[in-house]
Amino acid sequence: MKRLTTILLAALLLGACASSEGKLKQRAEELCQYIPDHELLERSRDYMTPDFYAALDTMFNHLPEFEAMDHEWLYYFVTGNGGTIADYTVTGVEQTDDNHAVATLSVRQRWEDGSFDSTSDIEEHRLYMERVDGKWLMSDFDEHKADCLRHIAINREEQAVRQAITDYLVGEIGEQYQKGEVCIPVLMMVHEEEELFMGDFWVLWYNLSGDTLKCVSGGNHAGCMTMSKADVKYTVTSFEQTVDGAGNVASAKRIFGTYYDIYENIHSSDNVRKAVRKMQLQEYVRRHQMDVHYYQDYGWPAEEL
């Protein structure tokens, strides 16, 4: 009788484990619908832990678009940019403790007509799950959460530097020009190391006319800025600029040193300057929620943003 009871208990435990694993597997399959694919769905918020959703939301929606696109592991996540759709199969789930589990996914690419892309391999991925208030949520995917947090920290540092440069260009250099309604500098970085920041900078003042930013004044100010940092705030302490006229090339070679060729390639390219200017104007307009669709230099046709 004792042995029979033991066998029955073992069978019940095995049945409970199988049932629990089956439910976890079913939940993992449901969560697969919310793995980002070129965009982070707003409804994903209810299926992710708050910290994982916040990290992805920052990357997708609160940094410049090119930031996500530069990191294909994020922007494409699984499918890539080939017009296919990820087909997920949960091959197993391991519960590591009472509140954490890891699902193993087998992923194939299929076309929109339902056929599979025979040229792509079957890939294996990991979906991490955490139980929050009794519900299993997606807490990570292929350990991208750490990648996101690391990149966000780097980006915030870069933004702090660029904000300090912008403040200096507007407050110090911008005073030398006829003022418009808004000053939006163009920052083309050449090299950064420790407290030295080299770049080709343009200071440009605009007036807003309808949905167009019309440039009223501005000029080029290339050189090397020295900065100090207190906590998370940077401050420009000095700015050595290239000189105008006959001494321009000599001063640029002295200031930029071994990075002169990089500076010259940037400085001499109208296409590079136009592309960077457009991108930074788009970011400024988006950040300040301006109803602006064009910018225009005096005597030139308006350019669409």
Side-chain angles (χ1 to χ4, degrees), residues 36-45 48 50 52-77 81 144 147-171 173-174 177 179-189 192 197 199-218 232-234 266 269-297 300-305:
D37 179 22
H38 292 75
E39 64 177 335
L40 176 66
L41 301 175
E42 172 64 27
R43 63 178 181 271
S44 297
R45 185 190 300 269
M48 295 181 178
F52 186 44
Y53 183 86
L56 292 177
D57 184 48
T58 299
M59 289 294 295
F60 274 94
N61 301 319
H62 300 285
L63 296 183
E65 184 181 10
F66 69 87
E67 294 282 0
M69 294 179 68
D70 281 348
H71 298 269
E72 293 191 358
W73 56 263
L74 171 72
Y75 198 64
Y76 303 140
F77 237 81
N81 196 27
H144 285 333
D147 295 329
C148 288
L149 295 178
R150 181 165 51 251
H151 183 72
I152 290 168
I154 292 171
N155 182 267
R156 283 176 176 165
E157 186 84 0
E158 292 174 347
Q159 291 305 313
V161 168
R162 281 155 177 71
Q163 188 60 56
I165 293 173
T166 297
D167 291 345
Y168 181 86
L169 292 173
V170 173
I173 309 298
Y177 292 96
K179 290 185 178 181
E181 295 176 45
V182 61
C183 184
I184 310 174
V186 178
L187 279 55
M188 295 182 287
M189 303 306 296
E192 304 174 22
F197 298 85
D200 191 27
F201 309 119
W202 286 79
V203 177
L204 300 169
W205 281 98
Y206 300 87
N207 283 333
L208 182 59
S209 177
D211 63 353
T212 303
L213 285 169
K214 294 193 173 186
C215 189
V216 296
S217 68
V232 296
K233 182 177 175 60
Y234 284 87
I266 292 173
S269 174
D270 290 337
N271 289 334
V272 169
R273 181 165 58 254
K274 183 176 179 179
V276 174
R277 181 184 183 185
K278 180 178 180 179
M279 181 181 66
Q280 294 182 1
L281 279 174
Q282 288 172 332
E283 173 61 17
Y284 184 93
V285 166
R286 183 191 67 80
R287 192 169 64 248
H288 290 83
Q289 299 181 330
M290 300 173 68
D291 186 20
V292 169
H293 303 286
Y294 302 90
Y295 74 92
Q296 184 175 20
D297 293 330
W300 290 86
E303 296 281 352
E304 186 174 3
L305 291 176

Atom of [X], atom of [Y] and distance for their closest heavy-atom approach:
X      : Y      : value
Cys183 : Val203 : SG-CG1, 3.7 Å
Ala164 : Tyr234 : CB-O, 3.4 Å
Gln280 : Val186 : OE1-CA, 3.4 Å

Nearest 0.5 Å, what's the [atom1]-[atom2] distance between [X] and [Y]?
X      : Y      : atom1 : atom2 : answer
Glu39  : Asn61  : CD    : CG    : 9.5 Å
Thr212 : Glu304 : OG1   : CD    : 10.5 Å
Asp57  : Met48  : CG    : CE    : 10.0 Å
Arg277 : Leu305 : CZ    : CG    : 9.5 Å
Leu149 : His151 : CG    : NE2   : 11.5 Å
Cys215 : Trp300 : SG    : CH2   : 13.0 Å

Side-chain ([X]) to main-chain ([Y]) donor-acceptor, under 3.5 angstrom:
X      : Y      : answer
Gln163 : Asp167 : no
His288 : Tyr284 : yes
Asn207 : Glu181 : yes

Handout entry: ring-ring contact (aromatic ring centres under 6.0 Å, His included) partners for Tyr177, two or more places apart
Key =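 Here the qualifying residues are His221.
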Problem - Which residues share a ring-ring contact (aromatic ring centres under 6.0 Å, His included) with Tyr295, sequence neighbours left out - result: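 Listed in chain order: nothing, the list is empty.
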Problem - Salt bridge present between Arg162 and Glu158 (N-O < 4.0 angstrom) - result: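 Not counted as a salt bridge, because no side-chain N and carboxylate O are separated by less than 4.0 Å.
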Practice task
Please lay out, stage by stage, how Ile184 and Leu213 fare under the test side-chain contact (heavy atoms from CB on, under 4.5 Å).
Solution key: CA-CA 10 Å; Ile184 310 174; Leu213 285 169; 4.0 Å; yes
Determine whether [X] and [Y] make a side-chain contact, defined as any pair of heavy atoms from C-beta on separated by less than 4.5 Å.
X      : Y      : value
Phe201 : Met189 : yes
Leu208 : Val182 : no
Leu187 : Leu169 : yes
His144 : Asp147 : yes
His38  : Phe60  : no
Met188 : Trp202 : yes
Asn155 : Thr58  : no

Practice task
Please indicate whether Arg287 has more than 12 foreign heavy atoms, meaning atoms of other residues, nucleotides or ligands, lying under 6.0 Å from its CZ.
Solution key: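 More than 12 heavy atoms, drawn from other residues, nucleotides or ligands, come within 6.0 Å of this atom.
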Handout entry: With sequence neighbours excluded, residues passing side chain to side chain donor-acceptor pair (under 3.5 Å) with Glu303
Key =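 Glu303 satisfies side chain to side chain donor-acceptor pair (under 3.5 Å) with Lys274 once adjacent residues are dropped.
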